[in-house]
Peer 1: 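What follows is a structure written as structure tokens; I'll ask about it next.
Quick note: numbers below take in every heavy atom, side chains included, and nothing from hydrogens, waters or symmetry partners.
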Amino acid sequence: MESSQYQGGKKDIKQAYRTAYLIGGFLKNNLTEDEKKELDEFILASEKNMILFEKMTDPKNVAQAAVWFKKMNVEQEFEETKERIANQRSKRIRQYAVAASVVIAVGLGIYLYQSTSIKKSDSPIATQNSDILPGSDKATLTLENGKVIILGGGQDTSINDQIKILQKQGEIIYTTATSNEMSYHTLSIPRKGHYKLILPDGSKVWLNAESSIRYPIAFSDNERKVFVTGETFFEVAKDAKKPFRAEAGNMIVEALGTQFNINVYPNEPYRTTTLVEGSVLLSMGKVENILKPGQQAQVTAEDFHIVNVNVDEVAAWKNDQFKFFNTPIEVIMRQIERWYDADVVYQDKLSLHMNATIERDVPVSKLLHILEQTDQVHFKIEGKKIIVMK
Amino acid sequence: METYGSKPTDGSAHVVKMGEDKAFEYFFHQYYTSLCFFANSILHNEDEAKDLVQDCFVKLWNGKTIKERSETVKSFLYTAVRNRCVDFLRKKKVIKKAQLQLIKTENDLPLEYFDEVAFAEMIRQIVGHIEDLPLKMQQIFKLYYVEGKKYNQIAIELNSSPEAVRKQKARALKLIREKFLFLLSFF
């Protein structure tokens with residue numbers, strides 16, 4: 001126990017690494033007997049060590065920290081750092097340069113200082129050094145046995161012969177397989193995420209932020225059935241013998257080979273199915289209707305009515321765009337909340353419809369800045385909060 | 001192979017060794033996130049944490065440490081980040097208060113933040129292996145990450161109160177303690 005980290009005397013950073021290794025191994029349950037003994041000794045060496053052990057194995061702390069890690073966009077930060085090296089400017093010089101440029105911009109009305117590395121002052125909305133980066137490829141896959149696999153970033157992998165994960169494309173692929181038992185997987189997308197799934201029949205599914213799909217790892221002989229929440233876009237592979245059914249609560253969409261979008265976020269005024277191509281049969285209990293391309297079924301508690309919509313707008317998200325055609329500000333802000341994991345607060349009451357096409361890979365300040373061009377609405381970012389003002 | 005700046009220290013400007021480029025990229029991907037997490041756990045300011053860690057990587061690039069072996073580089077980075085954090089807090093006058101608190105509770109050197117290093121390092125090592133963690137932790141992680149739930153909500157959904165989680169932990173600790181007592185009985 002002499003070597004124990006907190007036995008007084010001089011602490012050593014190497015012992016911190018050792019603690020990390022031992023407690024990490026304890027969580028992963030892969031310590032050798034000797035290492036287990038070493039960990040026991042460490043824990044019992046002092047009250048402080050015991051508390052540290054408790055802190056480091058608290059599921060809440062571990063989960064929170066892991067989420068924090070997962071949210072980091074290392075590639076982008078790497079680019080920024082390389083730029084910093086290329087410019088060899090210290091942070092302080094950078095800040096003065098920015099401050100100076102702002103003064104000049106205010107004084108002369110000209111923005112003289114230009115550098116792509118100044119993300120914090122791209123637009124006046126993102127003042128107090130806060131901006132929110134856009135979402136990215138992110139999902140979790142829950143297997144039949146409850147195991148959870150985190151997707152997004154990292155190397156391509158395959159779970160077995162039949163499931164391939166292409167991290168760079170943000171895609172998970174199931175290859176054709178037959179299976180007697182119905183084993184289900186669930187793909188869930190957090191806020192600030194999206195992912196693409198290719199089902200064993202070759203059908204493609206795009207999932208927007210805060211959405212999920214539950215599906216069998218192999219379809220049965222006579223039907224293809226999946227369950228969805230949030231927003232999903234389907235490109236169903238043709239197979240006349242096996243109808244494809246997507247269920248969202250009591251709304252069931254049946255298709256043979258077709259493209260459609262389902263939006264069933266609980267905080268939208270109604271659930272929708274929008275047909276882009278082909279035809280689908282929509283049913284809710286005893287009510288049924290066939291949709292034509294360009295039509296959208298707007299579903300309330302037990303009934304639905306059909307309207308014509310601009311399908312480009314509805315499916316824009318799958319092409320990494322926001323498209324607004326006469327879209328109410330509240331609808332726009334809800335999309336922003338999901339894609340940027342932001343919380344929107346209305347300081348003023350607004351009745352506003354907007355038109356815009358904006359790429360989804362921009363920081364939120366840029367998007368809001370574009371909306372501000374209308375001069376009908378203004379925004380302020382405070383941490384995760386976006387304040388909407390007149 | 002891309003290069004992104006000449007090292008001012010090597011005399012001959014614009015000469016970049018391929019090897020160092022690669023090493024830099026490797027260390028950045030290995031440690032950037034955990035260093036930011038570490039800095040944030042001291043500063044509680046994410047933007048400042050990232051800024052300061054990036055500065056330390058610039059320092060790594062400009063110096064000779066990058067040629068050392070991996071653990072030396074890691075220690076260089078943690079120490080550099082820790083020092084910058086302490087500087088930052090000192091400038092912001094936060095440190096005096098913090099120092100007083102630390103001196104009260106610890107008899108050894110304050111402001112080394114080894115517990116924080118240990119935690120950041122542990123998360124770095126397990127974050128790619130969520131599926132190896134205990135099932136309960138996976139479930140909590142999923143509820144946090146995917147559904148953005150608050151901890152109390154999660155406890156309800158998993159049918160266990162935070163207190164129950166704590167009790168479970170206490171049981172585990174008790175087992176270890178008992179084992180220790182058992183060992184003691186031999187002496």
Peer 1: Chain A heavy atoms under 4.5 Å from B:S41: which part of the residue, side chain, backbone, both or neither?
Peer 2: neither
Peer 1: Taking side chain as C-beta onward, heavy atoms only, is A:T19 less than 4.5 Å from B:D115?
Peer 2: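 Contact flag for A:T19/B:D115 side chains = no.
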Peer 1: Working note: B:E121 + A:Y21, criterion side chain to side chain contact (heavy atoms under 4.5 Å, CB included); need CA distance, chi angles, decisive distance, verdict.
Peer 2: CA-CA 8 Å; B:E121 266 300 289; A:Y21 170 81; over 6 Å; no
Peer 1: A:R84 versus B:F57: any side-chain heavy-atom pair under 4.5 Å?
Peer 2: no
Peer 1: Any side-chain heavy atom of B:N40 sitting closer than 4.5 Å to one from A:W68?
Peer 2: yes
Peer 1: Counting heavy-atom pairs under 4.5 Å to chain B, which of A:D341, A:V148, A:V62, A:I149 comes out on top?
Peer 2: A:V148
Peer 1: Non-hydrogen atoms of chain B under 4.5 Å away: do they reach the side chain of A:T142, the backbone, both or neither?
Peer 2: side chain
Peer 1: Which one wins on heavy-atom pair count under 4.5 Å against chain B: A:A65, A:A209, A:G193?
Peer 2: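 Looking at each of A:A65, A:A209, A:G193 in turn, A:A65 comes out on top.
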Peer 1: Where is the tightest heavy-atom contact between B:V127 and A:F69, given as atom of each residue plus distance?
Peer 2: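 That would be CG2-CB, 3.8 Å.
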Peer 1: Over all heavy atoms of both residues, which pair between A:E80 and B:Q54 is shortest? Give the atoms and the distance, please.
Peer 2: OE1-NE2, 3.2 Å
Peer 1: Which heavy atom of A:A16 sits nearest to which heavy atom of B:A118, and what is that distance?
Peer 2: O-CB, 3.5 Å
Peer 1: For residues B:S75 and A:I13, report the shortest heavy-atom separation together with the two atoms involved.
Peer 2: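 Nearest pair, atom of B:S75 first, then A:I13: OG-CG2, 3.8 Å.
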Peer 1: Assess whether atom CG of A:N29 is packed by more than 12 heavy atoms of other residues, nucleotides or ligands within 6.0 Å.
Peer 2: no
Peer 1: To the nearest 0.5 Å, how far apart are NZ in B:K50 and CD in A:Q76?
Peer 2: 8.0 Å
Peer 1: Could you check, using the six-membered ring where one of them is a Trp, whether B:Y32 and A:F78 have ring centers closer than 6.0 angstrom?
Peer 2: no
Peer 1: Measure the shortest side-chain to side-chain distance between A:L22 and B:M122 over non-hydrogen atoms and say whether it is less than 4.5 angstrom.
Peer 2: no
Peer 1: Is any side-chain heavy atom of B:E71 closer than 4.5 Å to one of A:K14?
Peer 2: yes
Peer 1: Any idea which heavy atoms bring B:F24 and A:T81 closest together, and the distance?
Peer 2: CZ-CG2, 4.2 Å
Peer 1: Answer with side chain, backbone, both or neither: which region of A:M56 has an atom nearer than 4.5 Å to a non-hydrogen atom of chain B?
Peer 2: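 Contact with chain B is through both the backbone and side chain of A:M56.
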Peer 1: Tell me, do A:I23 and B:F119 make a side-chain contact under 4.5 Å, heavy atoms counted?
Peer 2: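 No, every pair of side-chain atoms sits at 4.5 Å or beyond.
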Peer 1: For the residue pair A:Y17 and B:V117, establish whether any side-chain heavy-atom pair is separated by less than 4.5 Å.
Peer 2: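 Yes. Closest side-chain heavy atoms under 4.5 Å.
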